[in-house]
Trainee: 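Got a structure for you, written out below as structure tokens; questions coming shortly.
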Amino acid sequence: VHLAHLLEILTQIVCDVGLEKLLKQPFNMNNKTILVSIASLEDPYLIPTITNALEKASNPSRIYFALGLQYENQPDVSFIENKSHILRYHPDNRPPLIQLRNDLRKYCIDYDYFLQLDAHTKFCSNWDEILINDLNNLNNFNKGKSIISKCVGDISPETDVDDVKK
């Protein structure tokens with residue numbers, strides 16, 4: 001399994017509507033969309049995580065974001081404005097984390113895949129293609145009810161994940 005490349009908590013599930021689409025049409029990986037969900041509380045690595053996700057994806061046009069931003073001074077995410085759903089909160093008036101992640105998950109109905117992660121995640125090259133392939137391989141055994149998860153690795157923000165030993 002290629003998930004060791006991510007070195008971060010990754011949870012991948014197929015949204016119900018995405019699974020129906022997958023079963024009704026021939027599989028074409030290039031037109032499958034991924035909604036990346038990030039609940040971020042004053043995390044300085046939010047923007048590097050978003051840019052790294054887009055830079056390392058084999059097909060950045062398939063990547064969309066659902067962001068739960070909990071910042072006193074909201075970060076500028078205008079560069080993904082047409083590719084995102086954003087919930088903004090002041091840290092003093094924010095919902096509990098589980099509720100926020102559930103609220104972000106509700107956006108996945110329009111996407112084929114849903115990836116929940118932290119705002120300090122690094123990606124390997126072609127991560128989107130790797131995850132889709134891995135999930136589809138698992139779905140062959142699990143009748144379309146697979147979840148992929150990975151524990152956090154010890155890595156610094158400056159480390160390029162592609163340089164980490166597999």
Side-chain angles (χ1 to χ4, degrees), residues 1-3 5-24 31-54 56-57 59-123 127-128 130-139 141-153 157:
V1 175
H2 300 282
L3 290 178
H5 300 145
L6 294 179
L7 302 174
E8 192 61 52
I9 295 174
L10 297 176
T11 303
Q12 175 72 39
I13 64 169
V14 176
C15 298
D16 296 336
V17 173
L19 180 59
E20 289 175 17
K21 287 181 196 174
L22 181 63
L23 296 175
K24 289 181 182 175
N31 67 7
K32 298 298 176 187
T33 57
I34 301 173
L35 182 66
V36 177
S37 173
I38 305 173
S40 179
L41 173 61
E42 297 288 350
D43 195 317
Y45 298 110
L46 173 69
I47 302 300
T49 294
I50 294 170
T51 55
N52 188 249
L54 293 170
K56 295 286 188 156
N59 184 358
S61 66
R62 83 164 98 218
I63 310 302
Y64 295 85
F65 297 91
L67 305 175
L69 304 181
Q70 304 162 92
Y71 290 81
E72 191 165 324
N73 297 308
Q74 295 288 325
D76 180 11
V77 292
S78 60
F79 67 100
I80 58 165
E81 188 173 320
N82 63 338
K83 295 178 64 80
S84 62
H85 307 276
I86 302 172
L87 302 176
R88 296 177 190 272
Y89 300 94
H90 188 278
D92 295 337
N93 299 318
R94 62 188 168 89
L97 179 60
I98 300 301
Q99 179 184 334
L100 178 55
R101 285 187 171 161
N102 186 53
D103 291 345
L104 293 172
R105 187 185 180 285
K106 293 174 185 173
Y107 291 113
C108 81
I109 195 160
D110 295 326
Y111 303 90
D112 299 299
Y113 300 95
F114 178 81
L115 174 65
Q116 178 179 291
L117 49 88
D118 291 333
H120 42 271
T121 299
K122 301 282 295 211
F123 297 84
W127 67 269
D128 53 329
I130 292 168
L131 280 176
I132 290 172
N133 284 333
D134 285 351
L135 184 63
N136 288 330
N137 288 335
L138 287 170
N139 281 339
F141 298 104
N142 297 317
K143 300 178 183 173
K145 297 182 187 261
S146 299
I147 294 175
I148 298 175
S149 179
K150 176 68 180 130
C151 294
V152 176

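In what follows, every heavy atom counts, from backbone to side chain, and hydrogens, waters and symmetry copies are set aside.
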Trainee: So does Phe65 get a backbone contact from the side chain of Lys83, meaning a donor-acceptor N/O pair under 3.5 Å?
Mentor: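 Not a single qualifying donor-acceptor pair exists.
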Trainee: So, the side chain of Asp76 versus the backbone of Ser78: is there a donor-acceptor pair under 3.5 Å, distance only?
Mentor: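 Confirmed, Asp76 side chain pairs with Ser78 backbone.
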Trainee: Rounded at 0.5 Å granularity, tell me how far CG in Asp110 sits from OH in Tyr64.
Mentor: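 Taking CG in Asp110 and OH in Tyr64, the distance rounds to 10.5 Å.
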Trainee: Tell me yes or no: between the side chains of Tyr71 and Ser40, is some donor less than 3.5 Å from an acceptor?
Mentor: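 A donor-acceptor contact under 3.5 Å links the two side chains.
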Trainee: Write down the atom of Asp112, the atom of Lys32, and the distance for their closest heavy-atom approach.
Mentor: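 Smallest interatomic distance, heavy atoms only, reads OD2-CA, 3.2 Å.
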Trainee: Who are the side-chain contact (heavy atoms from CB on, under 4.5 Å) partners of Ile47, not counting sequence neighbours?
Mentor: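 Residues passing side-chain contact (heavy atoms from CB on, under 4.5 Å) with Ile47: Thr51, Pro75, Val77, Phe79.
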Trainee: I need the minimum non-hydrogen distance between Tyr111 and His85, along with the two atoms involved.
Mentor: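 Closest approach of Tyr111 to His85, heavy atoms only: OH-NE2, 2.8 Å.
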Trainee: What's the spacing between Thr49 OG1 and Lys122 NZ if we round to 0.5 Å?
Mentor: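 That separation rounds to 8.5 Å.
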Trainee: I need the single residue from Asp128, Leu117, Leu54 that forms a side chain to side chain contact (heavy atoms under 4.5 Å, CB included) with Phe123. Which is it?
Mentor: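 The side chain to side chain contact (heavy atoms under 4.5 Å, CB included) with Phe123 is passed solely by Leu117 among Asp128, Leu117, Leu54.
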Trainee: Locate the shortest heavy-atom distance separating Ser37 from Leu104; write the atom from each residue and the value.
Mentor: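 Here Ser37 and Leu104 meet closest at OG-CB, 3.4 Å.
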Trainee: Report the residues that fulfil salt bridge (Lys or Arg N to Asp or Glu O under 4.0 Å) with Arg94, sequence neighbours left out, ordered by chain and then residue number.
Mentor: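 With neighbours one apart ignored, the set is empty.
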Trainee: What's the shortest heavy-atom distance between Leu97 and Ala39, and which atoms?
Mentor: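 Minimum heavy-atom separation between Leu97 and Ala39: CD1-CB, 3.8 Å.
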Trainee: Quick one: pull up CD in Gln70 and CG in Asn93 and give me the separation to the nearest 0.5 Å.
Mentor: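 Reported to 0.5 Å precision, the distance equals 11.0 Å.
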Trainee: Report yes if some heavy atom in the side chain of Ile132 is under 4.5 Å from a heavy atom in the side chain of Ile34; otherwise report no.
Mentor: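 Contact flag for Ile132/Ile34 side chains = yes.
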Trainee: Taking all non-hydrogen atoms of both residues, which atom of Leu35 and which atom of Ala66 are closest, and how far apart?
Mentor: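 Heavy-atom minimum between the residues: CD1-N, 3.7 Å.
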Trainee: Quick one: pull up OH in Tyr113 and OG1 in Thr33 and give me the separation to the nearest 0.5 Å.
Mentor: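 OG1 of Thr33 is found 9.0 Å from OH of Tyr113.
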Trainee: Measure the spacing between CH2 of Trp127 and CG of Leu115 and express it to the nearest 0.5 Å.
Mentor: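 That separation rounds to 5.5 Å.
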Trainee: Any non-hydrogen side-chain atom of Leu67 less than 4.5 Å from a side-chain atom of Ile50?
Mentor: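 A side-chain contact under 4.5 Å exists here.
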Trainee: Please examine the side chains of Ile38 and Thr121, heavy atoms only from C-beta on, and report whether any two atoms are closer than 4.5 Å.
Mentor: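 Sidechains of Ile38 and Thr121: no contact.
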Trainee: Got a second to check how far Ile63's CD1 is from Ser84's OG, nearest 0.5 Å?
Mentor: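 Reported value, rounded in 0.5 Å steps: 13.5 Å.
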Trainee: Has Asn102 got a side-chain atom pairing as donor or acceptor with Ile98's backbone, closer than 3.5 angstrom?
Mentor: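 Answer holds: no.
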